[in-house]
Colleague: 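Can you keep this structure in mind? I'll have questions shortly.
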Amino acid sequence: MSQRLERGGSCPVRSRLLHQSVDRVTAKDELRQIAYWGDALSEDEAARTLKALVRRTYSAGSYICHRGDRLDAWTGVTQGLVQLGAISAEGKAITIAGVRSGGWFGEGTVLKAEPRKYDMLALRDTTLALVPRPIFMWLLDTSAGFGRFLVHQLNERIGQFIAMVEYDRLHNPAARVARHIAWLFNPVLYPNAGDRIEMTQEEVGLLAGVSRQIANKSLLRLEELGLIKVDRGSIQVLDVEALGQFDG
DNA sequence: TCATTAAATTGTT
DNA sequence: AACAATTTAATGA
């Protein structure tokens, strides 16, 4: 389990940026490179958040935390791919959703100061940015912009959970694959997501809970239908809407 | 710039 | 799970 921890101030890129032009590169600009919601913050709020940000890296296949662990920080994926999973009532492991770079999660858990309800697994080498609970709560109390952002985020989360009830009925592997990919292109959760994602077919399989062979067949089928374009090591989404609706 | 090799990814059985 | 084919990355002439 290789985990490295860096405090905010020690990041070489960040300090270089600061020295280049103190009056032009604002904390907001800097924060925005890591977190798109930095837009909603004031310069002062952004500066304080930046200072408290903690970065961690995880190697592929390692657990970030298990269900029941305490991780009192709001979590953003800077690079990589994280799988949120849980154990069903029958004791089967199920994937809830994947989170790709640019995504933030765990707000519900941090708000209520609860133990984590899910397992978090790094599907590939991953870098996380953590906003410690005190700063998160401070932002929520002080920043109107952050509050607005968080309402949108939570609202979208509810939609995702509702969609998951539907997902349970899907037994067609191609439909499951389609749904998981579509979720990675949610315009609210990933406002800067373009139309392609770097992902191998093996990672698609891990995420959707199917074998690599099935993932391969499913992707080729979705490509035939004109929903996606499969390239080596990446997938381009041509019709997110239809991809999310596809049910076999 | 090109050739060689190793590693990663994909398609198939 | 294993295998072959294909693509990419890295290396050095």
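Remember, it's a predicted structure, so these values are computed and weren't measured experimentally. First the proteins, then the strands, lettered A, B, ... as listed; each starts at 1.
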Colleague: Atom CG of A:L207 and atom CD of A:E203: how far apart are they, to the nearest 0.5 Å?
Modeller: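 Rounded to the nearest 0.5 Å, the CG-CD separation comes to 9.0 Å.
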
Colleague: Counting only N and O atoms by type, is there a donor-acceptor contact under 3.5 Å from the side chain of A:Q79 to the main-chain atoms of A:S101?
Modeller: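 No.
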
Colleague: Give the rounded distance in Å between these two atoms: CD of A:E203 and C1' of B:dT9.
Modeller: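 To the nearest whole Å, that distance equals 11 Å.
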
Colleague: For A:K217 and B:dT10, is the shortest distance between a side-chain N/O and OP1 or OP2 below 4.0 Å?
Modeller: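 Indeed not, no polar side-chain atom of A:K217 lies that close.
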
Colleague: When the distance from CG of A:D231 to P of B:dA8 is rounded to whole Å, what number comes out?
Modeller: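 In whole Å, B:dA8 P lies 20 Å from A:D231 CG.
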
Colleague: Please enumerate all protein N or O atoms sitting under 3.5 Å from an N or O of nucleotides 3-6 of chain C, with distances to 0.1 Å.
Modeller:
none

Colleague: Rounding to a whole Å, what distance do you find between A:R124:CZ and B:dA8:P?
Modeller: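 Going from CZ in A:R124 over to P in B:dA8 covers 13 Å.
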
Colleague: Can we say A:E166 and A:R179 salt-bridge, meaning some charged N sits less than 4.0 Å from an Asp/Glu carboxylate O?
Modeller: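 No.
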
Colleague: Rounded to the Å, how far apart are A:R221 CZ and B:dT10 C1'?
Modeller: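 Rounded to the whole Å, the gap is 20 Å.
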
Colleague: Side-chain atoms of residues 235-243 of chain A: list all donor-acceptor pairs with protein atoms under 3.5 Å, sequence neighbours left out, distances to 0.1 Å.
Modeller:
| residue | atom | partner | partner atom | Å |
| --- | --- | --- | --- | --- |
| A:Q236 | NE2 | A:D195 | OD2 | 3.0 |
| A:D239 | OD1 | A:E241 | N | 3.4 |
| A:D239 | OD1 | A:A242 | N | 3.1 |

Colleague: Would you give me the side-chain donor-acceptor pairs under 3.5 Å for residues 66-73 of chain A, sequence neighbours excluded?
Modeller:
| residue | atom | partner | partner atom | Å |
| --- | --- | --- | --- | --- |
| A:R67 | NH1 | A:K117 | O | 3.2 |
| A:D69 | OD2 | A:H66 | N | 2.9 |
| A:R70 | NH1 | A:A113 | O | 3.1 |

Colleague: Among A:V131, A:T75, A:V77, A:L189, which one satisfies side-chain contact (heavy atoms from CB on, under 4.5 Å) with A:W104?
Modeller: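 Single side-chain contact (heavy atoms from CB on, under 4.5 Å) partner of A:W104 among A:V131, A:T75, A:V77, A:L189: A:V131.
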
Colleague: Whole angstrom is fine here: how far is it from CD in A:E223 over to C1' in B:dT10?
Modeller: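 Going from A:E223 (CD) to B:dT10 (C1'), I get 13 Å.
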
